[in-house]
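Notes follow the structure.
Each chain gets a letter, A, B and so on, in the order its sequence line appears, and its residues count up from 1.
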Amino acid sequence: MDTENTLNRAYAHWLKDGIFEIGLGILFTGVGALRAIIHFAGAKSAAYYWLSGGLLVFMIGVAWGGKRFGEALKERITYPRTGYMAFKPRTYNYKNILAFIALLIFGGILGGMLGIFSTQPNQQKIGVFVPIVMGIVGALAFAYVAQRVEVKRLYYLAAFSIGIGLVIGALGVGVVLGVSFFYLSIGLALVVSGCVALVQYLRSHEPVDLNGESQ
Amino acid sequence: MNDTDTLQSMLDVDRLIHEPARLIILSILYVLESADFLYLLRETGLGKGNLSSHLTRLEQAEYITIEKTYRGKTPMTICQLTGAGQAAFETYREQLKNVVNTMYK
């Protein structure tokens, strides 16, 4: 009665069709691309203000619409093939609240550091360091999920994260562009990985007809 | 409770849950909010008729609820653990843990 293992199998089932990866990939690609365009538009241009607002709208839109669109896709693709399951609603116990606070602090520190770095005069030097750190953090996140749910392709994404972090760091494009390119690259990798997973899933799973069964 | 009592408590375990197929079904439903017939079919490895009969028995004992519904255009038979089912499963788990611990002392 390994409940942890049963739950991990459920997570793996949820990730199997690649739909979540495609959604997350679109979000990252859009954020990275918009951020890069904002950078090239110049700080005092009208495009800068429009696109800065657009970035926020895009993120909220993808988060809101993506959930509904993803659910609609799963209804058409996944549920008739490998079935439906729903996770329990998140419980706000002591451990979860602490983890959330830790995540907020970590995010705040990371955001603050990026903000400070982006205003420093020696952008080239810092621009090497930031994408490499992001690549390592991304790789750790992918590897953690991969080992937990035993989804092999996430290890490739972990390796890609480190690789692209090193490449962008070596290019020395500065902090803002470095971070933008990193998001863009990871986003595209997620979309590709998700599409490959979706094609493999569709090839290996036919819709199951349960009509006439004594359910 | 001494070791003999603990071992004898094995006789008191819920036999409805003790059956391996039903134990697997309850273990899955215990960690999830709900799951449909097809998901349980794939996860348990049981046949359709077999799974159906075990689900019916669990429903009769009021350990699970079974609801026939639609998600989009897909018809589904959704199963969910009840409060009584959760309590029974936790009691069973505790009893079994005590017995196993006693055996390996």
ask   = Taking C-beta and beyond as the side chain, do Ser161(A) and Phe182(A) meet within less than 4.5 Å on heavy atoms?
value = yes
ask   = What residues of residues 68-83 of chain A sit under 4.5 Å from chain B when only non-hydrogen atoms are counted?
value = Glu71(A), Glu75(A), Tyr79(A), Pro80(A), Arg81(A), Thr82(A), Gly83(A)
query = What about the rings of Tyr11(A) and Phe87(A), do their centers lie closer together than 6.0 Å?
reply = yes
ask   = Do any pairs count as a salt bridge (charged side-chain N to carboxylate O under 4.0 Å, His left out) and have a residue in residues 56-67 of chain B, sequence neighbours left out, and if so which ones?
value = none
ask   = Counting only heavy atoms not in Tyr183(A), do more than 12 fall under 6.0 Å of its OH?
value = no
query = Counting heavy atoms not belonging to Glu150(A), are there more than 12 under 6.0 Å from its CD?
reply = no
key: Heavy-atom proximity to chain A below 4.5 Å, by part of Ile78(B)   = side chain
key: Pro207(A) versus chain B, the contacting section by heavy-atom distance below 4.5 Å   = neither
remark   = Okay, Leu55(B) and chain A: the region with an atom under 4.5 Å from a heavy atom over there is neither
key: Minimal non-hydrogen separation, Phe142(A) against Leu154(A), with atom names   = CB-O, 3.6 Å
task = Please confirm whether Tyr39(B) and Tyr84(A) have ring centers closer than 6.0 angstrom.
result = no
Chain A contacts, top residue of Leu38(B), Leu41(B), Leu29(B) (heavy-atom pairs, under 4.5 Å) = Leu38(B)
ask   = side-chain contact (heavy atoms from CB on, under 4.5 Å) between His205(A) and Arg42(B): does it pass, once the steps are laid out?
value = CA-CA 12 Å; His205(A) 298 92; Arg42(B) 288 190 176 272; 4.0 Å; yes
